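Down below is the structure, laid out as structure tokens.
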Amino acid sequence: MKNERKRTYLMIALPILALFICFNTVPLIRGVIYSFTNFKGFGSYDWVGLRNYADLFTDARVLKSYLFTFKLAVVTTIVVNVLSLILAMALNSEIRAKSFFRGAYFLPNVLGALVVGYIFNYFFTYILPAFAKMAGIGALEGSILSKEGLAWIGIMIVCAWQAVAMNTIIYISGLQTVPEDVYEAGGLDGATGWNKFRHLTLPLIMPFVTINLVLCGKNFLMVFDQIMALTKGGPAQSTESISYLIYNNGMSGGQFGFQSANAVVFFIVIVAISVAQMKFTSKKEEQL
Amino acid sequence: MKAMNVKATDMKEKKTNWAVMVLLILGLSTIAFPLYMTIVIAFKKPSEMTNSISGILSLPKSWSLDNFAEAMRVTDFWHSLSYSLLITVITVVLAIIIHSLMGYVLGRTKAKSKFYSFVYLFIVSGMFVPFAILMMPLAKQTAEMGLANWFGVILLYVVFYMPMNVLLYTGYLVNIPVALEEAARVDGSSTWRTYWQIIFPIMRPMHATVAVLTALAVWNDVMTPLVIMAGSNTNTLPLAQLNFQTQFGANYNLAFASYLLSMIPILIFYIICQKQILNGVTNGAVK
């Protein structure tokens, strides 16, 4: 009887595990192996040891892509979380047509990032400059996507437009876990406005802040579709995200081996950040 | 005292916060405006697009469907739509079957068995592997295996979403008492049959969550089909947008008709299943 159960478990788990290893572990290992070669994506190749890794740290384009990706991820994560927390509190307050508003504000999240990017591309190229002209803001009269210093802001706006929807829904479910009598007790102690938020609401929804920070940070570090639709890495490679650079130069630029090394470093960075983020925020939760 | 409390909360519930409502309505314009812009441009003729804002944003003179017919032809819309549907539906079905089975086995065994608890950690840690590192080796590997097509893409999705979905299923399984299965086993039912007759139906709420999360992610994904199916003459909807973007050239009306077309299926799905989608997304993230 017990053997039958064990055998069934094994017969289920082994094929699924094999599938997982075949398309996740094996390519991961192959990626690491390629990173020690000068493979172009086709033809023969030689072992080059750690040279790809050494080159990686002196390659200006790679460093630039890391700086850009982290700047985008950090700023967008902050912007998205502030906006969605405010929006969640508004949607959770005493309003009419609550489910209509919640549904409408979530809409951007179900749309494909690529097409959303194309639509905003047009908006930044034609609509925004025309508005800027009318308002007399000279700095915005050209497309922000074609300005080296401003293009990343366009990408941030598009990323945020979709991500706010997701985070708001999570914050709403967080706010709903706060029992009403906590506020009533706090009200007796004179907690209102900012104090009420800072000392009552925020500590109680800290687990949801953690979820949202992890979710946002990870998604934005891997940003790809928005870059593809808005700037294709330009102008002057100022908006090349790490994923985009690996795709562009690795798949078609003849840098298969070199970009594999880049991908391995990126992988290690993602793991390190995820672990650190979880440790840091869970510590904060305990303190409260 | 109690009566007073009830009264107080009653009164509170009736009071609508109008200031917040006004702000929320104003805020909606950030969502409505891009959609409005998409719709009016999609219906206009290029000649109606003067360089001024009012020319671009005014309502079209006639609501003609010509742009849509042309966009359908250029992007081979029905073809891409059917591949998108095919890939999404099969992936969701396979995810519900395979991931729930794996979640069940791991949920029931990982506490007692070192092997299974290792397998669990091994699969769940797959969440940290970015697609960027798998992309190049997978392009090579799927080509070698003859899987550089829609079927290969489905297999990859089943693997990519396994960590998340297994995590969700094992988490849900904690709430299902083992006694339920044991009763069936005493009656002589096999483990396999017990699973399908008792556990699988009980996990229905989690199936809904998994289906919503997987479907949204697969439907909108660009990178996997781009890397794997690029040479196979088949497109998904997002891939068609990407491939034909250059052909639209300066004809923005045609391009916007095509954007709108590609958004319509998911918009219909969202309007019909809004409640399930919101629930699914919340469950998935919070658990």
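Letters A, B, ... mirror the listed sequences (proteins, then strands); counts begin at 1. Quantities reported herein were computed from a predicted structural model and do not represent experimental measurements. Note: hydrogens, waters and symmetry copies are ignored here, and every other heavy atom, side chains too, is used.
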So which part of [X] gets closer than 4.5 Å to some heavy atom of chain B, the side chain, the backbone, both or neither?
X	value
A:Ser260	both
A:Tyr244	neither
A:Asp225	side chain
A:Lys218	side chain
A:Phe256	both
A:Phe224	side chain
A:Met166	side chain

For [Y], does its backbone N or O pair with a side-chain atom of [X] as donor and acceptor, under 3.5 Å?
X	Y	result
B:Lys140	A:Phe42	no
B:Asn220	A:Ala113	no
A:Trp161	B:Thr30	yes
A:Tyr105	B:Leu28	yes

Member of B:Val20, B:Thr16, B:Leu24 meeting the side-chain contact (heavy atoms from CB on, under 4.5 Å) criterion with A:Ser93: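 For A:Ser93, the side-chain contact (heavy atoms from CB on, under 4.5 Å) test succeeds with only one of B:Val20, B:Thr16, B:Leu24, which is B:Val20.
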Look up atom [atom1] in [X] and atom [atom2] in [Y], then write down how far apart they are to the nearest 0.5 Å.
X	Y	atom1	atom2	result
B:Met102	A:Leu19	CE	CG	9.5 Å
A:Tyr247	B:Met223	OH	CE	8.0 Å
B:Leu242	A:Met228	CG	CE	4.5 Å
B:Ile98	A:Ile16	CD1	CD1	6.0 Å
B:Gln245	A:Leu114	CD	CG	8.0 Å

Mind checking whether B:Leu57 and A:Ile127 have side chains closer than 4.5 Å, heavy atoms only?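 B:Leu57 reaches A:Ile127 side chain to side chain.
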Does B:Trp192 reach the side chain of A:Ile12, with side-chain heavy atoms less than 4.5 Å apart?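 B:Trp192 vs A:Ile12: side chains touch.
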Say whether A:Tyr9 and B:Tyr116, considering side chains only, have a donor N or O and an acceptor N or O under 3.5 Å apart. no
Give me the one residue out of A:Glu4, A:Arg7, A:Arg5 that meets side chain to side chain donor-acceptor pair (under 3.5 Å) with B:Thr191. A:Glu4
Between B:Phe256 and A:Tyr118, does the ring centre distance come in under 6.0 Å?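 So the answer is no for these two rings.
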Do you know which of B:Ile271, B:Leu226, B:Leu237, B:Leu260 has the most heavy-atom pairs with chain A at a distance under 4.5 angstrom? B:Leu226
Can we say A:Arg30 and B:Glu144 salt-bridge, meaning some charged N sits less than 4.0 Å from an Asp/Glu carboxylate O? yes
